[in-house]
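Bear in mind the structure is a predicted one, so any value in this text is a computation, not a measurement. Order of the sequence lines sets the chain letters (A, B, ...), proteins ahead of strands, with each chain counted from 1.
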Amino acid sequence: MTENKKPVVRFAPSPTGYLHIGGARTALFNWLFAKATGGTFLLRIEDTDRERSTPEAVEAILNGMAWMGLDWDGQTVYQFARAGRHRAVAQQLLAEGKAYRCFATPAELDEMRAAQKAAGKPMKYDGRWRDRDPAEGGDKPYVVRIKGRDTGTTVVNDVVLGDVVFQNDQLDDMILLRSDGTPTYMLAVVVDDHDMGVTHVIRGADHLNNAARQLQIIEAMGWPVPVYAHVPLIHGPDGAKLSKRHGALAVEAYREMGYLPETMRNYLLRLGWSHGDDEIISTAQAIQWFNLENIGKSPARMDFKKLDNLNGHYIRETADYTLTAEIVALLARQTPPHVLTEPARERLTKAMPGLKERAKTLVELSSAADFLYTDGPRALDAAAEKVLTPDARSTLARTLPVLEATDWSSQALETAARSFAEANGLKLGGVAQPLRAAITGKTTSPPLFEVMALLGREESLIRLRAFAG
RNA sequence: GGUCCCAUCGUCUAGCGGUUAGGACGCGGCCCUCUCAAGGCUGAAACCCGGGUUCGAUUCCCGGUGGGACCGCCA
């Protein structure tokens, strides 16, 4: 009697490619909804297309989910393994007269569609075998089609879009079983969602039209109808469909670009869902707040500037040693791999408070910190090259003896630099910028004197002497 | 072409009949400052168009326009 009324949701990607940003958001919404309601989040791999499904894609999806921090309940369901069950449902429908055999060949159907298009008619299966005696087909191959209602309407009650009404005569009799006896996606989703006890179907809006068709099967089987929530799609920065042209669509590509999983969760959540004016929303907070009602109805575009800004925020919130570990891992993945010495790691961690304040991505953080994990005179970047004019180099040369005579602490170095600047009628910047260029090879860095103190007297002087002229 | 969905600053969005139309990113200015960030203050920036309904429409209805999705023996 104590029936479990907790929601059951699922993410059901097809393993024909990597986990892209839209799929990741769908997965996130499902995950969040399950967490928020104390429900169950299931993962089902829709691999009924044997031609296009690959183990590599399954791997990529699983890795993407793991990186995003989205874990699911129970075993991963592989849809193709359930083909027998799908077939049985189709047979039952056939036996009950709610489905029928269609002997039309693919070539014949192509011809039909071409003719419809030429005549400016809607392209749909014309039901040519709907009321025909299957005996006429003889022993030729056939597909099994649903015998849908051809009058009245089918209404999809969608939580985000409202009631969406379809005229049944617009819906054609879709294929349940292919001529080789394998189930199609339309049949498989419905059967699996039912068997898995799915109560809420949260998926991309590209499935909205399918919902009406799937409802026909659900109705024919007399099964309960799940709650639908079709989430508007994500477009590229130019408003067009998200495509490979925009690059960096796989969730793993975002990792390679140096974005943090918590950034992705926050960004993706806000792309299409809102909670008043809140922008920075931790995952824990999202679990408290998430609901289906606040999902927006309109499609959204990716905005990398905002993603960067958010990532900067989460980088600043991340512990210094964690960031060091990320950089170490990132450098190890590089070709050729760069392995950091223990002292280098220590310097990195110590400098991290100043470093992370300035970075938008892990990649940026890593390159901005290169002067801490490689020794010797710097290779100047273009801006630093411009700073180190002959004039600047001579200032550098004159500063050198002053620094050499100074106690090597951040405080003392700054004091020395300040009095030197004052004595020479320079601003502190006039002295500091050449120093910074020589020390870091860049024109921007964490506070210079802290950096110098961290690097130590020996290493700092080596770098300074290389450019003192 | 058919069906369906969508429409507030450049972008993400709040708004749920009466608001100086709010926030965030980005952009400009100022402050802070050894650089760059971060932070603070501040400025410019939007209700797609046309009809209704209403005392009153960004908000409700209809039409148009503009985007988008789907129309496979793919999922």
Side-chain angles (χ1 to χ4, degrees), chain A residues 12-16 46-49 51-53 79 102 104-106 109-110 113 116-125 141-145 156 158 161-162 164-167 170-172 174-180 182 184-186 188-189 204-213 230 232-233 235 237 239-241 267 270-280 296-310 312-313 316 354-360 368 383 387 414 417-418 421 427-433 435-437 440 442-449:
Chain A
S14 65
T16 53
E46 311 235 304
D47 55 354
T48 52
D49 182 349
E51 299 287 302
R52 301 196 305 158
S53 297
Q79 191 161 61
C102 166
T105 63
L109 294 176
D110 282 346
R113 278 188 283 265
Q116 287 167 341
K117 188 170 185 176
K121 300 261 191 167
M123 290 188 285
K124 52 171 274 196
Y125 174 68
Y142 61 88
V143 299
V144 175
R145 287 180 184 273
V156 178
D158 193 277
L161 266 13
V164 183
V165 181
F166 294 86
Q167 298 299 320
Q170 297 295 331
L171 272 21
D172 56 4
M174 71 272 187
I175 293 173
L176 266 21
L177 247 35
R178 304 186 184 100
S179 54
D180 64 359
T182 58
T184 59
Y185 156 82
M186 285 292 178
V189 243
D206 49 341
H207 286 287
L208 182 59
N209 289 294
N210 290 336
R213 300 162 185 281
H230 287 95
L233 304 180
H235 294 167
K241 185 183 179 181
Y267 182 78
R270 278 295 285 112
L271 207 58
W273 181 87
S274 61
H275 185 270
D277 283 343
D278 296 298
E279 294 287 345
I280 304 283
K297 295 154 90 112
S298 46
R301 302 182 188 199
M302 277 294 295
D303 180 358
F304 281 88
K305 286 286 179 48
K306 190 160 185 173
L307 219 211
D308 280 348
N309 177 272
L310 247 198
H313 169 84
R316 273 172 259 132
L355 248 19
K356 69 182 179 184
E357 188 80 14
R358 279 150 250 268
K360 300 243 176 283
V387 165
E414 178 164 355
R418 277 186 193 281
K427 287 183 170 181
L428 181 55
V431 176
Q433 276 308 82
L435 288 176
R436 187 193 316 281
T440 67
K442 310 172 198 306
T443 53
T444 74
S445 79
L448 176 66
F449 304 107

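- Using a 4.0 Å heavy-atom distance criterion, A/Ser445 is classed as a base contact.
- Contact annotation for A/Val165: backbone-only contact, meaning every heavy-atom pair under 4.0 Å involves sugar-phosphate atoms and none involves a base.
- Contact annotation: side chain of A/Asp278 to base of B/A24, donor-acceptor pair absent below 3.5 Å.
- Distances from the side chain of A/Val164 to the nucleotides B/C12, B/C73, B/C4 place B/C4 closest.
- Look at A/Asp110 and A/Arg113 and you find a salt bridge, because one of the NZ, NE, NH1 or NH2 atoms lies within 4.0 Å of a carboxylate O, short of that distance.
- Across the protein-nucleic acid pair, A/His275 atom NE2 and B/G23 atom P stand 18 Å apart, rounded to whole Å.
- Separating the CD1 atom of A/Ile280 from the P atom of B/U13 is a distance of 16 Å, rounded to the nearest angstrom.
- Not one N or O on the side chain of A/Arg436 forms a donor-acceptor pair closer than 3.5 Å with the backbone of A/Gly429.
- Distances were taken from every side-chain heavy atom of A/Asp206 (C-beta onward) to each of B/C34, B/A69, B/G22; the shortest belongs to B/A69.
- A donor N or O paired with an acceptor N or O is found under 3.5 Å between the base of B/C73 and the side-chain atoms of A/Ser179.
- To the nearest angstrom, P of B/C27 lies 11 Å from CG of A/Asp308.
- Residue contacts shown for A/Pro106 include a base, since a base heavy atom lies under 4.0 Å away.
- A/Pro141 comes within 4.0 angstrom of no nucleic acid atom, judged by non-hydrogen atoms across all strands.
- Nearest nucleotide to the side chain of A/Arg270, out of B/C34, B/C70, B/U13: B/U13.
- Taking atom P in both B/A21 and B/C16, one finds a spacing of 14 Å when rounded to whole Å.
- Of the possible donor and acceptor atoms, none in the side chain of A/Asp308 sits under 3.5 Å from a partner among the backbone N and O of A/Lys360.
- Taking atom P on both B/C9 and B/G64, the two are 23 Å apart, rounded to the nearest angstrom.
- Only the P atoms considered, B/C36 is 13 Å distant from B/G29, to the nearest whole Å.
- Summarising the geometry of A/Leu448 relative to A/Ala432, their closest heavy-atom pair is CD2-O, 3.4 Å, with the distance given to 0.1 Å.
- Nucleic acid contact class of A/Gly272 (heavy atoms, under 4.0 Å, all strands): sugar-phosphate only.
- Comparing the P positions of B/G15 and B/U8 gives an interatomic distance of 14 Å, to the nearest angstrom.
- Here A/Met174 contributes atom CE and A/Tyr185 contributes atom OH; the two are 10.5 Å apart, rounded to the nearest 0.5 Å.
- Mapping A/Pro447 and A/Asp277 onto RNA chain B by nearest heavy atom places A/Asp277 closer to the 5' end of the strand.
- Taking atom P on both nucleotides, B/G1 is separated from B/A44 by 43 Å, rounded to a whole Å.
- In this entry the distance linking CD of A/Gln167 with C1' of B/C4 reads 12 Å, nearest Å.
- Comparing A/Gly276 and A/Gln79 along RNA chain B, the residue whose closest nucleotide (by nearest heavy atom) sits nearer the 5' end is A/Gly276.
- Going from the P atom of B/C62 to that of B/C73 covers 35 Å, rounded to whole Å.
- Taking atom NE2 of residue A/His207 and atom C1' of nucleotide B/G68, one finds them 15 Å apart after rounding to whole Å.
- No contact: A/Met174 has no heavy atom under 4.0 Å from any strand.
- Looking at heavy-atom distances under 4.0 Å, A/Glu46 makes contact with sugar-phosphate atoms alone, never a base.
- Residue A/Lys297 is classed as a sugar-phosphate contact, given heavy-atom separations below 4.0 Å to backbone atoms only.
- Residue A/Ser298 places its side chain closer to B/A7 than to any other of B/G72, B/C36, B/A7.
- Looking at A/Lys306, its side chain comes within 3.5 Å of the base of B/C12 through a donor and an acceptor atom.
- A/Val143 comes within contact range of at least one nucleobase, with a heavy-atom separation under 4.0 Å.
- Comparing B/G68 with B/C48, their C1' atoms are spaced 16 Å from each other, to the whole Å.
- At distances below 3.5 Å, at least one donor-acceptor pair connects side-chain atoms of A/Thr184 with backbone N or O atoms of A/Ile175.
- Across all non-hydrogen atoms, the minimal contact from A/Val144 to A/Tyr142 is CG2-CE1, 4.0 Å.
- Comparing atom distances between the A/Lys305 side chain and each of B/A38, B/C73, B/C25 picks out B/C25 as nearest.
- Taking atom CD1 of residue A/Ile175 and atom C1' of nucleotide B/C71, one finds them 14 Å apart after rounding to whole Å.
- The same atom, C1', is picked in B/G28 and in B/A45; the two are 11 Å apart, to the nearest Å.
- For A/Asp303, whose side chain is taken as the heavy atoms from C-beta onward, the closest listed nucleotide among B/C34, B/C25, B/G23 is B/C25.
- At distances below 3.5 Å, at least one donor-acceptor pair connects side-chain atoms of A/Tyr267 with backbone N or O atoms of A/Asp303.
- Here B/G72 is the nucleotide among B/C70, B/G72, B/C6 with the atom lying nearest to any side-chain atom of A/Arg113.
- If you check every strand for non-hydrogen atoms under 4.0 Å, A/Ser53 touches nothing.
- The partner of B/A14, taking Watson-Crick or G-U wobble pairs whose two distances both stay under 3.5 Å, does not exist in any strand shown.
- Counting any heavy atom pair closer than 4.0 Å across all strands shown, A/Glu357 reaches a base atom.
- With B/C36, B/U3, B/C73 as the candidates, the nucleotide lying closest to the side chain of A/Gln170 is B/U3.
- Residue contacts shown for A/Thr443 include a base, since a base heavy atom lies under 4.0 Å away.
- Taking atom NZ on A/Lys121 and atom P on B/G2, their separation rounds to 13 Å, with Å as the unit.
- Straight-line distance from the CG atom of A/Leu208 to the C1' atom of B/C4: 6 Å, rounded to whole Å.
- B/G43: Watson-Crick or G-U partner is B/C27, with both key distances under 3.5 Å.
- At a threshold of 4.0 angstrom between heavy atoms, the contacts of A/Ser14 are confined to the sugar-phosphate backbone, with no base atom among them.
- The listed nucleotides are B/A14, B/C34, B/A75; the one nearest the side chain of A/Tyr185 is B/A75.
- Residues A/Asp206 and A/Leu233 are in side-chain contact: their nearest non-hydrogen atoms beyond the backbone lie under 4.5 Å apart.
- For A/Gln116 (side chain) and A/Lys124 (main-chain N/O), a donor-acceptor pair under 3.5 Å exists by modelled atom type.
- Of all nucleotides listed (B/C4, B/U13, B/A75), B/A75 comes nearest to the side chain of A/Thr184.
- Looking at heavy-atom distances under 4.0 Å, A/Lys360 makes contact with sugar-phosphate atoms alone, never a base.
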